[in-house]
Amino acid sequence: MMADNKIILKKGKEGSLDRFHPWVFSGAVNAIPDGLEEGSVVKVYAFDGRLIGTGHYQIGSIVVRILDFSDAEIDERFFMRRLDDAYALRKCLGLARPDNNAYRLVHGEGDFLPGLVVDIYGNTAVVQAHSPGMHFCRDIIASAIVGMEGLGVENVYYKSETTLPYKAHLDPQNDYIIGGFTTNVAVENGIRFYVDWLKGQKTGFFVDQRDNRSLLERFSRGRKVLNMFCYTGGFSVYAMRGGAELVHSVDSSAKAVLLTEENIGLNFPGDGRHKAYAEDAFKFLDNMETGAYDLIVLDPPAFAKHRSAIRNALRGYQRLNAKAFEKIAPGGILFTFSCSQAITREQFRLGVFSAAAQSRRKVRILHQLTQPADHPINIYHPEGEYLKGMVLYVE
Ligand code: SAH
């Protein structure tokens with residue numbers, strides 16, 4: 001490492017870092033050394049010369065993501081240690097089992113690896129870099145993953161075309177770093193899913209709804225289920241297994257509808273209880289008959305990708321939920337979610353509350369939902385909490 005990879009904070013700007021928040025904002029920094037390359041490993045110092053930690057430098061409002069609050073060497077051994085810790089947690093959670101081989105191995109700051117996401121699907125790991133620093137470490141990360149005892153990963157697919165800062169001009173290619181074509185059926189709680197990491201959204205599958213899908217399964221017996229924004233049909237397959245009377249899945253993407261049908265076919269071939277529709281959610285809710293469903297799932301994409309979009313997003317959640325409250329059968333169960341990191345739990349709840357009031361229905365909260373334990377939240381980094389949901393009883 002070059003000797004001048006040194007970032008000194010302005011006087012009094014070390015407070016949040018002393019509380020282990022892993023981001024250094026541009027406004028807190030005195031000066032960036034000339035010629036410092038984006039993605040470099042840097043040492044961060046307080047104004048008085050005290051070393052704060054080691055991190056990855058990048059251009060933008062977050063200039064350093066701290067990897068370690070000490071003078072650490074960021075090499076293969078560093079990644080091996082962090083990955084081992086991450087895997088130990090997943091084993092302690094009981095997620096790596098013959099009937100469950102889909103889980104998140106690394107959840108960025110939640111696993112003390114800011115800028116890195118790794119999802120496991122059987123013997124394949126899908127690696128996603130969100131920072132230039134992690135992009136440059138991709139090869140050592142991939143070989144560390146393959147070398148992990150017990151993990152059983154043989155293929156590493158790198159998928160960062162849409163997650164790296166565009167201005168960094170890194171031109172990442174989505175491709176295998178290690179291994180190659182492999183069967184792409186993953187198992188989640190005994191249910192099989194095709195996972196398309198090559199063409200699918202994010203890493204190919206949303207492992208973050210696993211626990212919430214299990215909960216839905218327990219509510220499904222004898223119910224008429226509508227799964228809105230179904231994507232790969234995760235909630236739909238669980239509802240089928242839970243004994244639903246019928247399950248209708250809706251997504252505006254024809255490809256998602258196809259994936260849902262494939263996943264239903266994989267687990268319940270020829271079962272006539274399921275139908276899928278490629279339609280806009282708002283239109284479908286407007287046109288559907290009142291009382292047609294008594295279990296509705298609303299799991300839309302993030303309506304607010306940035307803080308600036310919060311007001312519009314809240315209006316969107318309110319409008320969507322109002323339509324469900326208006327049409328759901330009496331005694332109905334509504335699973336409603338927001339995966340927008342910028343929307344707080346309170347804001348989301350207020351939006352759903354307004355929608356409920358608008359419908360004048362009697363509504364009670366049965367469960368408050370969040371992301372599962374393989375998406376841990378670093379207590380010093382509350383921004384890591386993004387998924388919120390509620391299960392509501394609608395009379
Ligand atoms: N519930 C899913 C994840 C949903 S992701 C799971 O458990 O895996 C969000 C989905 O919403 C995407 O598949 C996207 O195609 C779909 N979508 C986005 N806008 C939509 C709209 N207006 N109407 C219907 N579907 C929409």
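This one's a predicted model, so the numbers in the text were calculated from it and none came from an experiment. Residues take their numbers from the sequence shown, with the count starting at 1. Start at 1 and go down the list; that is how both ligands and their atoms are numbered.
For atom 24 (C) of ligand 1, the choice among A256, S252, G200 with the nearest heavy atom turns out to be S252. Of the candidates L320, D251, V257, it is D251 that places a heavy atom closest to atom 13 (O) of ligand 1. Checking D280, V297, D299 against atom 22 (N) of ligand 1, the nearest heavy atom belongs to D280.
The shortest N or O to N or O distance between Q209 and ligand 1 is not under 3.5 Å. Considering both main-chain and side-chain atoms, P301 never comes within under 3.5 Å of ligand 1 through any nitrogen or oxygen pair. Taking only nitrogen or oxygen atoms, main chain and side chain alike, N227 does not reach within less than 3.5 Å of ligand 1.
The protein non-hydrogen atom at the shortest distance from atom 5 (S) of ligand 1 is F206 CE1, 3.9 Å. Protein heavy atom in closest approach to atom 7 (O) of ligand 1: R213 NH2, 3.0 Å. Protein heavy atom closest to atom 23 (N) of ligand 1, with residue, atom name and distance, is A281 N, 2.8 Å. Protein heavy atom at the shortest distance from atom 4 (C) of ligand 1 is F229 O, 3.2 Å.
Close contacts of ligand 1 with S253, meaning ligand atoms under 4.0 Å from a residue heavy atom, involve 15 (O).
Residue contacts with ligand 1 do not include G234, since none of its heavy atoms lies under 4.0 Å from the ligand. In this structure, K283 does not count as a contact residue of ligand 1, since none of its heavy atoms falls inside 4.0 Å of the ligand. The closest approach between a heavy atom of M228 and any atom of ligand 1 is not below 4.0 Å.
Salt bridge annotation for D75-R77: absent, with no cationic side-chain nitrogen under 4.0 angstrom from a carboxylate oxygen.
Side chains of D280 and S252: a donor-acceptor N/O pair is absent below 3.5 angstrom, by distance only. Side-chain polar atoms of E76 and S143 form a donor-acceptor pair below 3.5 angstrom.
Under the side chain to side chain donor-acceptor pair (under 3.5 Å) criterion, Y231 pairs with no residue, sequence neighbours left out. Under the rule for a side chain to side chain donor-acceptor pair (under 3.5 Å), the partners of R273 that lie at least two apart in sequence or sit in another chain are D271.
Cation-pi contact between R90 and Y103: absent, since separation from the ring centre below 6.0 Å together with deviation from the ring axis within 45° is not met. A cation-pi arrangement is present between K6 and Y45, with the terminal nitrogen or guanidinium carbon under 6.0 Å from the aromatic centre and inside a 45° cone about the axis. Cation-pi geometry between R345 and F348 is not met at under 6.0 angstrom from the ring centre and within 45 degrees of the axis.
At a heavy-atom distance under 4.0 Å, only side-chain atoms of F235, from C-beta outward, approach ligand 1.
Considering T54, V41, L36 in turn, L36 is the only one that fulfils the side-chain contact (heavy atoms from CB on, under 4.5 Å) rule with N5.
A tilted orientation is assigned to the rings of H375 and H107, their planes being inclined by 30° to 60°.
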